[in-house]
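Values below: all heavy atoms of this structure, side chains included; hydrogens, waters and symmetry mates excluded.
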Amino acid sequence: MTSLELAERLADVAAQETLARFRTPDLRAESKGAERFDPVTEADRAAEAAMRALLARERPDDGILGEEADDVPSRSGQTWVLDPIDGTRAFISGLPVWGTLIALNDGGAPSLGLIDQPYIGERFLSDGTRALHRKGGIETPLAVRPCARLADATLFSTFPEVGTAAEGAAFHHVAGQCRLTRYGTDCYAYGLLALGQIDLVIEAGLYAYDIQGPMAVVAGAGGIVTAWDGGPAQDGGRIVAAGDARVHAAALEVLSRA
């Protein structure tokens with residue numbers, strides 16, 4: 001089984017757990033944060049457990065970095081990076097834009113990434129040699145669209161606050177120069193970027209498991225993902241993803257001044 005085939009099987013077993021619990025009346029959410037609501041559900045835990053069990057059978061020497069359980073050290077040099085539900089707030093609210101994120105990393109940038117949107121039946125994936133979107137059995141190559149100027153750009157972010165007050169202010173300096181800004185799509189924004197529907201995603205406060213799957217998908221579609229200072233993005237933090245290097249550079253320039 002190839003790594004991409006395994007990634008798809010991981011997404012499938014996660015979907016069995018998440019879809020069985022989505023929009024159910026007895027779904028309960030706990031908060032992992034003391035100062036702000038940071039929800040986790042049994043769906044998050046069950047989906048990650050199912051993925052970990054599959055990896056234990058198929059790739060016992062590979063490492064695992066996941067959101068809901070302890071890290072597993074790698075003996076093979078490869079690590080699977082898992083986010084069972086990216087968008088738990090959307091999940092518990094009945095919104096369909098949550099997804100499952102999977103990446104494979106050998107120590108640097110992820111070599112493989114998958115964004116699965118199980119409720120709406122869309123999957124975005126890349127293994128470095130091909131990048132595609134799948135829906136209803138139809139596969140379409142992923143390709144970002146050209147966009148040279150912020151004035152022509154559509155910008156997405158999960159939260160209007162975008163991290164700290166200072167980070168939020170910097171973000172809004174960029175947003176004020178864009179043609180259109182939208183919020184609340186979680187990982188789906190990166191899929192839309194790779195599909196050539198939008199131009200920028202800017203976020204802050206991300207973890208490795210939030211960005212590595214989307215990062216590989218966007219890169220496979222011809223886009224670019226960096227930190228706000230232009231450095232590596234695979235460890236999370238402040239993230240700028242763009243379909244065109246020109247609008248990416250323009251966004252970085254505004255963020256650096258702000």
Side-chain angles (χ1 to χ4, degrees), residues 1-21 32 40-88 91 98-119 121-134 137 139 142 186-188 190-191 194 206-221 225 232-236 239:
M1 185 189 313
T2 68
S3 293
L4 187 60
E5 289 169 340
L6 179 53
E8 295 216 58
R9 283 189 59 190
L10 291 169
D12 291 341
V13 298
Q16 292 174 6
E17 303 295 340
T18 55
L19 291 176
R21 295 167 171 84
K32 297 186 287 186
V40 61
T41 71
E42 177 57 30
D44 296 83
R45 296 187 178 110
E48 185 165 318
M51 290 191 286
R52 285 172 176 264
L54 178 56
L55 287 172
R57 294 193 300 270
E58 297 292 336
R59 298 282 183 89
D61 291 333
D62 288 358
I64 302 174
L65 189 162
E67 182 174 10
E68 306 303 340
D70 292 340
D71 295 348
V72 175
S74 177
R75 297 189 297 270
S76 67
Q78 295 190 310
T79 297
W80 293 89
V81 185
L82 311 174
D83 190 348
I85 301 179
D86 183 88
T88 301
F91 186 89
W98 54 274
T100 295
L101 304 180
I102 298 164
L104 182 61
N105 192 299
D106 61 3
S111 59
L112 176 155
L114 185 150
I115 305 169
D116 192 44
Q117 309 284 152
Y119 189 76
E122 292 187 76
R123 186 170 288 182
F124 306 83
L125 58 151
S126 175
D127 63 357
T129 60
R130 59 178 181 149
L132 60 89
H133 168 262
R134 186 183 300 129
E139 292 187 353
L142 288 173
D186 295 293
C187 60
Y188 195 40
Y190 296 94
L206 301 189
Y207 294 95
Y209 48 74
D210 295 315
I211 193 59
Q212 290 205 17
M215 182 178 177
V217 170
V218 170
V225 184
Q234 61 263 21
D235 293 330
I239 301 299

[X] side-chain N/O to [Y] backbone N/O, donor-acceptor pair under 3.5 Å:
X: Asp127; Y: Leu4; answer: no
X: Glu139; Y: Arg134; answer: no
X: Thr88; Y: Phe91; answer: no
X: Arg75; Y: Pro60; answer: yes

Acceptor/donor pairs from residues 107-116 side chains to any protein atom, 3.5 angstrom cut, sequence neighbours excluded:
{"residue": "Ser111", "atom": "OG", "partner": "Leu104", "partner atom": "O", "Å": "3.2"}
{"residue": "Asp116", "atom": "OD1", "partner": "Arg123", "partner atom": "NE", "Å": "2.8"}
{"residue": "Asp116", "atom": "OD1", "partner": "Arg123", "partner atom": "NH2", "Å": "3.4"}
{"residue": "Asp116", "atom": "OD2", "partner": "Arg123", "partner atom": "NH2", "Å": "3.4"}

Report the distance from atom [atom1] of [X] to atom [atom2] of [Y], rounding to the nearest 0.5 Å.
X: Asp12; Y: Leu6; atom1: CG; atom2: CG; result: 10.5 Å
X: Leu10; Y: Leu82; atom1: CG; atom2: CG; result: 6.5 Å
X: Arg9; Y: Met1; atom1: CZ; atom2: CE; result: 4.0 Å
X: Ile211; Y: Ile239; atom1: CD1; atom2: CD1; result: 4.5 Å
X: Trp98; Y: Asp44; atom1: CH2; atom2: CG; result: 10.0 Å
X: Asp62; Y: Ser3; atom1: CG; atom2: OG; result: 7.5 Å

Looking only at heavy atoms, which two atoms of [X] and [Y] are closest? And how far apart?
X: Leu65; Y: Tyr209; result: CD2-CD2, 3.8 Å
X: Val217; Y: Ala194; result: CG1-CB, 3.8 Å
X: Ala221; Y: Ala131; result: N-CB, 4.0 Å

Among all residues two or more places apart in sequence or in another chain, which pass the ring-ring contact (aromatic ring centres under 6.0 Å, His included) test with Phe124?
->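 His133.
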Thinking salt bridges, do Arg21 and Glu17 make one under a 4.0 Å N-O criterion?
-> yes
For residues Thr18 and Pro118, determine if any side-chain heavy atom of one lies less than 4.5 Å from a side-chain heavy atom of the other.
-> yes
With side chains defined as the heavy atoms from C-beta onward, is the minimum distance between Pro84 and Glu68 less than 4.5 Å?
->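 SC-SC contact between Pro84 and Glu68 confirmed.
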State which residue, out of Leu101, Asp186, Ile102, fulfils the side chain to side chain contact (heavy atoms under 4.5 Å, CB included) condition with Asp83.
->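 Only one of Leu101, Asp186, Ile102 forms a side chain to side chain contact (heavy atoms under 4.5 Å, CB included) with Asp83, namely Leu101.
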Set of residues satisfying salt bridge (Lys or Arg N to Asp or Glu O under 4.0 Å) with respect to Glu42, sequence neighbours excluded = none
Heavy-atom count around Asp71 CG within 6.0 Å, excluding the residue itself: above 12?
->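 Yes, because the 6.0 Å sphere around CG of Asp71 holds more than 12 heavy atoms from other groups.
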When you check the side-chain N and O atoms of Thr79 and Asn105, is any donor under 3.5 Å from an acceptor?
-> no
Should Tyr188 and Gln117 be marked as a side-chain contact (heavy atoms from CB on, under 4.5 Å) after you check the CA-CA gap, both sets of side-chain angles, and the distance that decides it?
-> CA-CA 8 Å; Tyr188 195 40; Gln117 309 284 152; 3.7 Å; yes
